[in-house]
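Working notes, structure below.
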Amino acid sequence: MKFASSYEPNQYESEIYAAWEMAGVFNPTVPTVPTDDDGDGEDDRKHAKNTYSIVMPPPNANGNLHIGHGLTVATEDSLTRYYRLKGKSSWYIPGADHAGFETWVVYEKNLEKTGHTRFEYDRNELYSKVWDFVAEQRGNMELQLRALGASCSWDDLTFTLDENVTDRIYTTFEKMWNDGLIYRGEKLVNYCPKHRTAFADIEVEHKDEPGTLWDIAYDDIIVSTTRPETLFGDVAVAVNPEDPKYKDKIGKTVHLPLTDREIPIIADEHADPEYGTGAVKITPAHDYDDYEVGERHNLDRIQVISESGKMINVPEKYYDLTTEECRKQVIKDLKEQGLLKGEHKITHSVAHCYKCGTVLEPMLKDQWFIDVEKLAKVAIQHLEAGEIKFYPENKQKVLINYLKGLKDWNISRQIPWGIAIPMFKKADEDATDEPDWIYDRRTNLKEIEKAGVRYVRDEDTFDTWFSSSHWPIVCTNWTKENYNPYYPLNVMETGADILFAWVARMIMMGLYVTGEVPFKEVYLHGLVLDEHGQKMSKSKGNVINPMDLVTKYGSDAFRLGILRGRSAGMNQAFSENSVIAGRNLCNKLWNISRFVQGIVDECNENEPSTTTYQTDNMGEDWICQEINDCLNQVEKSMQEYRFSEAVEVLYQTIWDKYADWFLESQKIYKNAELLKTTLEAILIALHPFAPFVTEVIWQNLSWTEGFIVTAKWPAKLKYDPISAANFQNIRIIVSEARTTLQALPGTNNAKKYNLMYNNDSIVADNQLLIKNLTKVPAVIALNGSPKGLKLALANHELYLDVPESVVNAYKDTLTEKILSVGRELDALNARMENPNYVEKAPAHLVKETQDQINEKQALISHLKQQLEVI
RNA sequence: GGACCCAUAGCUCAGUUGGCUAGAGCGUACGAUUCACAUUCGUAAGGUCGCAGGUUCGAGCCCUGCUGGGUCCACCA
């Protein structure tokens, strides 16, 4: 006997994972690169259809996994393992993210601790410093993925800075440049003065905050503003053309306070007559709306805030102040001059850096932009054609809606840790015929020469989402030349929170580069919340570390626990309890196997299992039916990404049906061949969710061969359906006997009273089983002279051999039972008395109702007889 | 301002084209104990499915409105 009495995951998990990895069972069976073994000049994979591909959203290469990764892996790996068992060549491609901005922030903080700043180094130096930093930290995350059981193909791990990735990014960028989809523009961008980089719109966090709205007199016009310090950048005052208050002022000029400038009053829809004073100052260099007003009226842009957040291009007095200091000074000076006419407290939303919380400045900068209009349009067409199926479904509409309003995408970042933008600016002023910017891949050079003209490289790097948008393409080694059976991916699984940032961009880029959608289905998971439904955060102290749970309860328990009760796209609570429930299931399965192995040993049936088992009794037919049902439901659930349902049905089948009824019956019958076949079926069916315990058991069973990872999904079991249906009688009889025994006065009743039956071949044939399941001392035939307490069964005549006093004490319970069955009967009768129901409801339902009425009536009359006897 | 999601047992959640007496896990109460498992076994209690209408023979599910909670997008001088 190899099985200890309880399952200890820590004893086995790392060893089992190492064995899997060593044996290469996670590698896809169909090659992942073009092959031509038969030498016919054609890729052998041309006809490989049975593939399943899924990529991992790359976790931060130098970070640790958090609970969201735990859910990601549990979900993706369950899919991968399921389809592998289903016979597909499954390829789960792992990844690691250089996490441009995130890592940079961590690195820069460390750098500052050592008393240095980024400005002491050039980009190449910084890049190699961060590279070393990441290399040092790297590896934890990959070990943690293994601990979670991720069955990925490790040889194919893709790092977002791998050469094939940067190659692909450059190729795409070049194509876009040539197609005119890339442009350089001076636009307002979201700029973090602390990190000194710009962000895409999607990375900005808006928060509602209290603020002040000041009224400032520009001569006789009063403007309202929340940012008086930007006054020095004002180039106009706008009023609404329909606003009668200001109609006669349009075209005139006003004096800009604290300066010696005159600025025009212009008419623009942007000014809302209802808001504030209805007149608004226009600062095109520091406000998005004003920028657009400026465009419309061809106004200058005066930048008054520098990239370090200090005032520039302002009178000496204000120069080099921070925006905050300057604001105070301006307010003070305006007050002194009597120009401050009002002050109102308001709530407005303010843009913050999602990393450090600093207020973002809209900043006028030259940046690279992607003209997204065409890309979005193509994506919308394919989405509307239903080429990608979404789980949850509604995300398709949400995504289309987003794409319809998408603005041009700023892909420049001013941080060194990332893929360099392969663009060079003309340095020779004289070469007027040459283009200002040229594309070139030699980003390691600060300066290049082309046709005798000098060019200097752009120092910016790509937004990480630009490279991430190629993820399905780079992970599967897609190329234009070769057919690839793994592209498009079968599914893209990721967090619902990055639908826009990532999924949308992968779709646009996939279509642009390959002409095909990058994946056929999208499954989005929600946030994992704490047990009270609160978002996990360090500040709240409610963060759950998945690795702690894995250590404590095992990887399988964690996976089962986190998938349980979870559905697509929903933010849902998670607690240790569900992991404990998972741990218990693993232990149950372990003991089930221990028990089965015991019988197999006893019967000397240690040869590989066959499908030629015989079913010799109702319980055996019944469990075959139950397992088939279970397999069908798991298959259906997996098809629809209903993991929670799949896990639920497995729990019930394994625990409530296989262990509690079938194995109990096998204590009598001992059908070793059937036990082997059925145990294999449940082990394989559970394997996608609990890979370790099922494999450990598989390795310990005497008759199984190879790894369960690469086993075949179970075939449907053969059984006699009539016999299977008859087993329900046993279950009903046993349940009723148990309920009644518990309800009788006194304790330990099961040991006291015999069960007697009259004229019942099912009971007669299963006396021993019923005795074992109810734990009564004996099950005895009555031969026509009833006594004791009759069980509340419509179709069976059974009695508990209890003394009259006990029967009398049971009288109240019996009366209540008659009443409750009576209420059920009334409800059924009412339904049948409704002619519309009888006419319009489907015939089988009407018949069912009638059958039930008959049954309840029989039951009531049985119970009433009993009551009369008392 | 636009859109989306959620509301079912004490807690966390299932409930697929409308169909029987609305389920699970955890928790609670009571009982069991050599013979695979106390990480066990058995039994029970606990729900007018957020509110108000409507459609239907029949509504947790479909429709309308409302209330409460959450998310995203846009805007906010």
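What's counted below: heavy atoms across the whole structure, side chains too, no hydrogens, waters or symmetry copies. Please read all numbers here as calculations on a predicted model, not as lab measurements.
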Steps toward ring-ring contact (aromatic ring centres under 6.0 Å, His included) verdict (A/Tyr12, A/Tyr7): CA-CA 9 Å; A/Tyr12 305 99; A/Tyr7 175 61; 5.7 Å; yes
Cation over ring face, A/Arg505 and A/Trp409, 6.0 Å, 45°: yes
Atom pairs, protein N/O to nucleotides 44-49 of chain B N/O, distance under 3.5 Å:
none

A/Tyr837 versus A/Thr849, side-chain donor and acceptor atoms under 3.5 Å: yes
Intra- and interstrand pairs of RNA chain B - dot-bracket, Watson-Crick/G-U under 3.5 Å, | marks other strand: (((((((..((((.....[...)))).((((((....).))))).....(((((..]....))))))))))))....
Check ion pair A/Lys389-A/Glu521 (N to O, under 4.0 angstrom): no
Atom-to-atom span, CG of A/Leu773 to C1' of B/A32 - whole angstrom: 15 Å
Residue A/Glu645, side-chain atoms from C-beta onward, closest of B/A14, B/C41, B/U40: B/A14
Under 4.0 angstrom between A/Arg594 side-chain N/O and B/C37 OP1 or OP2: yes
Presence of A/Trp655 side-chain N/O under 4.0 Å of B/C41 phosphate oxygens OP1/OP2: yes
salt_bridge(A/Glu645, A/Lys636) N-O dist < 4.0 Å: no
Selection from B/C75, B/U39, B/A36 that lies nearest to any side-chain heavy atom of A/Lys588: B/A36
More than 12 heavy atoms of other groups within 6.0 Å of A/Lys670 NZ: yes
A/Lys281 and its salt bridge (Lys or Arg N to Asp or Glu O under 4.0 Å) partner, picked from A/Asp268, A/Asp215, A/Asp234, A/Asp290: A/Asp234
Minimum-distance nucleotide (side-chain atoms of A/Lys397 versus B/G31, B/C4, B/C72): B/C4
Ion pair A/Glu13/A/Arg559, N-O distance below 4.0 Å: no
Whole angstrom value for the distance that separates C1' of B/C41 from CG of A/Asp660: 8 Å
Nearest-angstrom distance from the residue atom NE2 of A/His532 to P of B/G70: 17 Å
Short side-chain N/O contact from A/Lys404 to OP1 or OP2 of B/G2, under 4.0 Å: no
Please write out each protein N/O paired with an N/O of nucleotides 18-24 of chain B under 3.5 Å, distance rounded to 0.1 Å.
unit_1 : atom_1 : unit_2   : atom_2 : d
B/C20  : O3'    : A/Arg831 : NH2    : 3.2
B/C20  : O2     : A/Gln852 : OE1    : 3.3
B/C20  : O2     : A/Gln852 : NE2    : 2.1
B/C20  : N3     : A/Glu848 : OE1    : 2.6
B/C20  : N4     : A/Glu848 : OE1    : 3.2
B/U21  : OP1    : A/Arg831 : NH2    : 2.6
B/U21  : OP2    : A/Arg831 : NH2    : 3.3
B/U21  : O4     : A/Lys856 : NZ     : 2.5
B/A24  : O2'    : A/Arg564 : NH2    : 3.3
B/A24  : O2'    : A/Glu648 : OE2    : 2.5

Sugar-phosphate only, base, or nothing, as touched by A/Glu664 at under 4.0 Å among non-hydrogen atoms: base
Atom C1', compared across B/G53 and B/C11: separation rounded to whole Å: 32 Å
Residue A/Asn577, side-chain heavy atoms: nucleotide from B/A3, B/A32, B/C26 that is nearest: B/C26
A/Thr75 side chain to A/Tyr523 side chain, donor-acceptor N/O pair below 3.5 angstrom: no
N or O in side chain of A/Ser567 less than 4.0 angstrom from B/A14 OP1/OP2: yes
Salt-bridge contact A/Lys817-A/Glu736 (side-chain N to carboxylate O under 4.0 Å): yes
Nucleotide of B/C13, B/G42, B/C72 approaching A/Arg738 most closely (side-chain heavy atoms): B/G42
Salt bridge A/Arg296-A/Glu269, side-chain N to carboxylate O under 4.0 Å: no
Separation between the C1' atoms of B/A59 and B/G19, rounded to whole Å: 10 Å
Which nucleotide in B/A32, B/C5, B/C30 has an atom nearest any side-chain atom of A/Asn748: B/A32
